[in-house]
Amino acid sequence: QVTLVESGGGLVQAGGSLRLSCAVSGETITWFPTGWFRQAPGSEREFVAGINWNGGKTIYSDSVKGRFTISRDHTSNTVYLQMNSLKPEDTAVYYCAIARIATQEVLTEQYNYWGQGTQVTVSS
């Protein structure tokens with residue numbers, strides 16, 4: 001059974017930073033694309049950032065490009081999202097996900113394992 005557990009969320013002022021972590025158990029993430037999504041109240045879940053199996057390719061939504069950085073550590077089976085220059089519109093529940101698909105590409109969809117999410121609130 002694959003389990004993803006996010007942590008690192010919280011309340012931060014605009015302009016501040018947070019680092020989200022996603023610890024994966026029951027499956028090695030070594031070979032699969034991983035990603036971060038978010039869902040704000042009243043909105044659909046949206047893609048935030050993705051990274052391919054070896055970290056050589058990353059992709060970001062336009063709204064976070066230049067502010068957020070996704071990374072992965074195969075040794076600890078953990079995925080990270082470094083969030084800088086946070087804005088109130090970044091407020092959402094953030095989810096990590098794995099696409100258990102044999103590909104060398106970075107993906108924005110086709111994710112099939114999800115964590116429970118961690119709340120990020122940015123105050124103005």
Side-chain angles (χ1 to χ4, degrees):
Q1 180 178 350
V2 180
T3 303
L4 293 78
V5 179
E6 302 96 335
S7 62
L11 174 64
V12 64
Q13 288 188 330
S17 298
L18 284 174
R19 188 193 195 201
L20 305 184
S21 299
C22 175
V24 182
S25 61
E27 176 68 89
T28 178
I29 64 171
T30 301
W31 305 111
F32 304 121
T34 57
W36 287 93
F37 292 73
R38 68 186 182 187
Q39 187 168 18
S43 300
E44 293 187 354
R45 186 164 56 190
E46 64 172 351
F47 172 81
V48 174
I51 189 167
N52 76 329
W53 73 277
N54 66 356
K57 299 180 181 179
T58 58
I59 189 170
Y60 300 91
S61 66
D62 288 343
S63 60
V64 307
K65 196 175 298 182
R67 300 187 297 123
F68 290 11
T69 303
I70 187 171
S71 61
R72 62 192 303 162
D73 181 349
H74 288 167
T75 300
S76 62
N77 225 28
T78 302
V79 184
Y80 301 97
L81 185 68
Q82 178 67 44
M83 306 186 297
N84 299 328
S85 302
L86 283 162
K87 305 175 181 179
E89 51 263 44
D90 294 318
T91 295
V93 177
Y94 283 71
Y95 300 89
C96 67
I98 295 174
R100 202 174 183 279
I101 299 170
T103 178
Q104 296 187 19
E105 298 303 316
V106 58
L107 300 178
T108 61
E109 55 186 14
Q110 300 183 64
Y111 288 85
N112 42 20
Y113 290 97
W114 297 85
Q116 293 299 306
T118 185
Q119 176 70 48
V120 171
T121 303
V122 184
S123 63
S124 57

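One is the number of the first residue; the rest follow in order along the sequence. For the numbers below, each heavy atom of this structure counts, side chains included, while hydrogens, waters and symmetry mates do not.
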_Atom CD of Gln116 with >12 non-hydrogen neighbours under 6.0 angstrom_ =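 No, not enclosed.
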*For Gln104, look at atom CD and say whether over 12 heavy atoms of other residues, nucleotides or ligands are found less than 6.0 Å away.*
no
Heavy-atom closest contact ([X] atom, [Y] atom, distance):
X     : Y     : answer
Ile70 : Gly35 : CD1-CA, 4.2 Å
Asp90 : Arg38 : OD1-NH1, 2.9 Å
Ser17 : Asn84 : OG-OD1, 2.9 Å

*Any donor-acceptor pair under 3.5 Å linking the side chain of Thr78 with the backbone of Ser76?*
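Present.
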Look at the side-chain heavy atoms of Ile, Leu, Val, Met, Phe, Trp and Tyr, link any pair under 4.5 Å apart, and say whether [X] and [Y] land in one connected group.
X      : Y     : result
Tyr95  : Val64 : no
Tyr113 : Leu81 : yes
Val12  : Tyr94 : yes
Tyr80  : Leu86 : no
Val106 : Val48 : no

*Got a sec, which residues hit ring pair (Phe, Tyr, Trp, His ring centres under 6.0 Å) with Tyr111, two or more places apart in sequence or on another chain?*
Phe37
*Verify whether one side chain among Asn112 and Gln110 offers a donor that lies under 3.5 Å from an acceptor in the other.*
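No pair is found: no donor N or O on one side chain lies under 3.5 Å from an acceptor on the other.
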_Lys/Arg N to Asp/Glu carboxylate O, Asp62 vs Lys65, below 4.0 Å_ =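 A salt bridge links Asp62 with Lys65.
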*Atom pair NZ (Lys87) and OG (Ser124), whose distance is rounded to the nearest 0.5 Å*: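 Result: 14.0 Å between the selected atoms.
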*asked:* Within this structure, what is the CG-CD1 distance for the pair Leu107 and Ile51, rounded to the nearest 0.5 Å?
replied: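 So the gap between those two atoms works out to 12.0 Å.
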